[in-house]
Structures are given as structure tokens and as C-alpha cells.
Amino acid sequence: MRDFPIESIHPHAFKAAEAAHCAAEQGKYWEMHERLFAHPRNLTPAELPGHGAAVGLDPPKFQACLESGRHAGRVRRDLADGQKAGVRGTPTFFLGVAEGDGTKVRVVKVIRGSQGFAAFKPVIDAALAAQK
């Protein structure tokens, strides 16, 4: 899972991505991720603390994290890596197999957009069969 905030569509997406990582500091990354995606029109910095409260975060800790910007570098790196890899939108899935010592992955297929399991199954099955 990598961040790819598309600010041309959602002007506050970058800060929302940071908010998810701030929530992770309190063990609530996925809860916050789901909450933010469920409310894409309510991602202003003023609205983020309310989302944090809704998923059970400690408000002062969450606010301090948001204000610190400590996760901004990570979000920027993810965005740059995605652009370099040819990501144009979300979600984008890179299905691959580990090579050599397992530190590199060879991409077998790129699947763009929200897809059902049927789009993934043949690629996963072929990759697993090739590993035998």
C-alpha cells in the first residue's frame, strides 16, 4: 500500500494521506483510511480532527502529528515513486513475483481501477504456478 494523493481531484488529499499515517501511530491506519475514503468531500485540515475522533484517536496526539508534518516526506516519496512507475490514478495494482533474494519484484501485470477478484485471479494463479 502506497500513497498517491491526487490533489487535482481532491485538493486536501495530501494532508489526508498524512492523517492516515498519524492515525497509524495510534494503531488506526485502516480505520482512518476507510473513513477518509468514505468522506472524500470532507478532507480539509479543519475536518481531519473530527475524522480522527470518529475512529477513536487521542485528539491532542493526532493534532500534534498533523501539525508536525512528520509524514509529509513519506507521502511525497510514495507519490514520486508512483509517478515514476506510471501510476496515473487510484487504485493501481502491481502484481508481481519476487526475484533472486526477494528484495526485488518483477511486475507481471498492472491492474488499474477498482476491479473485482476475477481481474486478479488469473494473474495470481499464473504467478503461483510459475513458482512451482
Side-chain angles (χ1 to χ4, degrees):
M1 173 71 179
R2 304 287 292 274
D3 295 300
F4 198 78
I6 304 173
E7 292 179 288
S8 62
I9 298 171
H10 300 288
H12 303 290
F14 192 95
K15 198 63 172 177
E18 288 183 73
H21 293 290
C22 288
E25 291 182 3
Q26 297 183 46
K28 299 279 188 168
Y29 176 86
W30 289 110
E31 293 88 343
M32 180 62 100
H33 181 273
E34 292 298 319
R35 171 100 184 159
L36 297 175
F37 271 85
H39 299 89
R41 289 177 171 50
N42 305 100
L43 302 178
T44 67
E47 293 167 308
L48 294 175
H51 293 304
V55 299
L57 300 179
D58 176 282
K61 286 181 184 177
F62 181 67
Q63 189 65 38
C65 179
L66 281 177
E67 290 171 2
S68 76
R70 66 178 159 254
H71 295 290
R74 175 185 185 162
V75 175
R76 269 193 226 81
R77 282 189 302 277
D78 282 358
L79 185 55
D81 288 348
Q83 290 167 334
K84 184 178 173 183
V87 173
R88 296 185 301 268
T90 60
T92 298
F93 301 91
F94 292 89
L95 287 87
V97 293
E99 291 189 327
D101 64 358
T103 61
K104 297 206 185 247
V105 174
R106 179 176 49 85
V107 175
V108 176
K109 175 90 171 162
V110 176
I111 298 176
R112 290 182 170 86
S114 183
Q115 304 288 328
F117 181 66
F120 294 86
K121 185 175 183 346
V123 180
I124 294 169
D125 289 345
L128 291 172
Q131 297 293 312
K132 292 180 180 179

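Inspection of the Asp3 and His21 side chains reveals an N or O donor paired with an N or O acceptor under 3.5 Å.
The minimum heavy-atom distance between Pro11 and Ile9, with the atom names listed, is CD-O, 3.7 Å. Across Gln63 and Pro49, no two heavy atoms sit closer than the pair OE1-CG, 3.1 Å. Taking every heavy atom of both residues into account, Arg35 and Ala54 meet most closely at CZ-CB, 3.5 Å.
With respect to the salt-bridge test (charged N to carboxylate O, under 4.0 angstrom), the residues Arg106 and Glu99 qualify. Salt bridge annotation for Glu25-Arg70: present, with a cationic side-chain nitrogen under 4.0 angstrom from a carboxylate oxygen.
Hydrophobic cluster membership for Tyr29: Met1, Trp30 (Ile, Leu, Val, Met, Phe, Trp, Tyr linked by side-chain heavy atoms under 4.5 Å, directly or transitively). Alongside Val55, the hydrophobic cluster contains Met32, Leu36, Leu43, Leu48, Leu57, Phe62, Leu66 (criterion: ILVMFWY side chains under 4.5 Å).
At distances below 3.5 Å, not a single donor-acceptor pair connects side-chain atoms of His33 with backbone N or O atoms of Ala17. Side chain of Glu47 to backbone of Thr44: a donor-acceptor contact under 3.5 angstrom is found.
Using the six-membered ring where Trp is involved, Phe93 and Phe120 have ring planes that are perpendicular, over 60° apart on the 30 and 60° scheme.
Applying the ring pair (Phe, Tyr, Trp, His ring centres under 6.0 Å) test to His12 and every residue at least two apart in sequence or in another chain returns nothing.
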